[in-house]
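In what follows, residues are counted from 1 in the order of the sequence shown.
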Amino acid sequence: ERLCGKTTIDNLFENGSSIKYYIFRLVWNTEELDSNTIAQTLMVVPKKYIKNAANRNVLKRRMREAFRIHKSGLYKKIKSKKQQLAIAIIYQEQEILPYKVIEEKIKLILGRLSEEI
């Protein structure tokens with residue numbers, strides 16, 4: 001379910017819609033993906049905000065886990081509409097937040113995404 005491939009990622013950021021909520025910016029695009037997955041996701045923690053690579057990896061791990069837990073509602077809605085999504089979740093905070101805060105905000109932003117689809 002990970003989004004990879006330069007052309008797909010470039011297309012996502014050029015043509016995708018965006019939602020910004022507190023510490024995250026979510027970019028999404030409905031498109032034809034090569035695999036049978038419902039959605040492919042890209043987690044981004046910019047070096048501009050978090051300098052240390054180990055800290056960036058910790059944040060990406062926390063984001064992936066929160067997404068994994070709360071993706072079921074979004075996937076049901078996408079599947080009922082027979083669509084496929086490419087999603088990028090971008091962390092936009094200069095400090096490392098605890099997992100509970102990240103999980104809460106991911107849950108809220110996924111709820112907003114499912115409303116907009």
Side-chain angles (χ1 to χ4, degrees):
E1 294 182 341
R2 288 192 182 173
L3 181 61
C4 53
K6 184 167 173 41
T7 56
T8 309
I9 294 171
D10 288 343
N11 187 27
L12 171 65
F13 284 107
E14 287 174 9
N15 303 324
S17 303
S18 179
I19 301 170
K20 189 171 183 179
Y21 188 74
Y22 187 55
I23 59 172
F24 292 110
R25 181 171 157 241
L26 187 137
V27 180
W28 59 278
N29 191 14
T30 56
E31 65 176 51
E32 199 58 41
L33 301 174
D34 297 336
S35 62
N36 293 330
T37 59
I38 297 170
Q40 288 187 331
T41 310
L42 174 69
M43 302 292 172
V44 181
V45 180
K47 191 175 183 179
K48 175 182 175 181
Y49 298 128
I50 307 294
K51 301 292 184 195
N52 189 342
N55 292 338
R56 287 196 304 272
N57 290 337
V58 165
L59 285 169
K60 285 190 268 189
R61 241 181 272 127
R62 290 177 183 174
M63 290 166 59
R64 276 195 295 267
E65 179 64 15
F67 181 80
R68 184 189 67 80
I69 291 171
H70 297 292
K71 69 182 177 181
S72 61
L74 176 66
Y75 277 27
K76 287 178 188 174
K77 184 150 188 173
I78 296 169
K79 201 170 190 176
S80 68
K81 292 191 171 199
K82 295 184 170 70
Q83 292 179 336
Q84 290 183 322
L85 280 184
I87 303 169
I89 302 175
I90 304 162
Y91 186 84
Q92 294 189 317
E93 186 68 28
Q94 293 187 349
E95 60 186 53
I96 301 169
L97 296 175
Y99 174 73
K100 287 290 184 188
V101 175
I102 291 173
E103 181 182 23
E104 178 184 318
K105 301 306 177 190
I106 291 249
K107 182 179 179 181
L108 291 172
I109 202 164
L110 289 179
R112 284 187 59 190
L113 176 61
S114 64
E115 289 173 8
E116 288 200 21
I117 292 179

Participant: Is a salt bridge present between E115 and R112, judged by a nitrogen-to-oxygen distance below 4.0 Å?
Facilitator: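 Looking at E115 and R112, the cut-off is not met.
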Participant: Using every non-hydrogen atom in the two residues, find where I50 and N55 come nearest and quote the distance to one decimal.
Facilitator: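 Closest pair (atom of I50, atom of N55, distance): CG2-CB, 3.7 Å.
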Participant: Write down the atom of R56, the atom of V45, and the distance for their closest heavy-atom approach.
Facilitator: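 Smallest heavy-atom distance, with atoms named: CD-O, 3.2 Å.
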Participant: Looking only at heavy atoms, what is the nearest atom pair of N29 and G16, with distance?
Facilitator: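 Here N29 and G16 meet closest at CB-CA, 4.0 Å.
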Participant: To the nearest 0.5 Å, tell me how far I109 CD1 sits from Y22 OH.
Facilitator: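 Answer for the CD1-OH pair, I109 versus Y22, is 13.0 Å.
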Participant: Between L59 and Y49, is any pair of side-chain heavy atoms under 4.5 Å apart?
Facilitator: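 No, too far: nothing below the 4.5 Å cut-off.
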Participant: Taking all heavy atoms of M43 and all of K60, pick out the closest pair and write down the distance.
Facilitator: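 Minimum heavy-atom contact is O-CD, 3.8 Å.
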Participant: Testing M63, E104, R61, E65 for side chain to side chain contact (heavy atoms under 4.5 Å, CB included) with Y99, which one passes?
Facilitator: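 Filter result, single survivor: E65.
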Participant: Are the side chain of R25 and the backbone N or O of I90 linked by a donor-acceptor pair below 3.5 Å?
Facilitator: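 Here the side-chain-to-backbone pair does not exist.
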Participant: Judged by atom type as modelled, is there a donor-acceptor pair below 3.5 Å linking the side chain of R2 to the main-chain atoms of T41?
Facilitator: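 The answer is no, because no donor-acceptor pair under 3.5 Å joins these two groups.
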Participant: Which atom pair, heavy atoms only, marks the closest approach of I19 to W28?
Facilitator: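 Here I19 and W28 meet closest at CD1-NE1, 3.9 Å.
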Participant: When rounded to the nearest 0.5 angstrom, what is the spacing between CG in L110 and NZ in K77?
Facilitator: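 Spacing of CG (L110) from NZ (K77) equals 12.5 Å.
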Participant: For a quick test of reading the model, state the closest non-hydrogen atom pair linking A88 to L12 and the distance between them.
Facilitator: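 Shortest heavy-atom separation between A88 and L12 comes out as CB-CD2, 3.6 Å.
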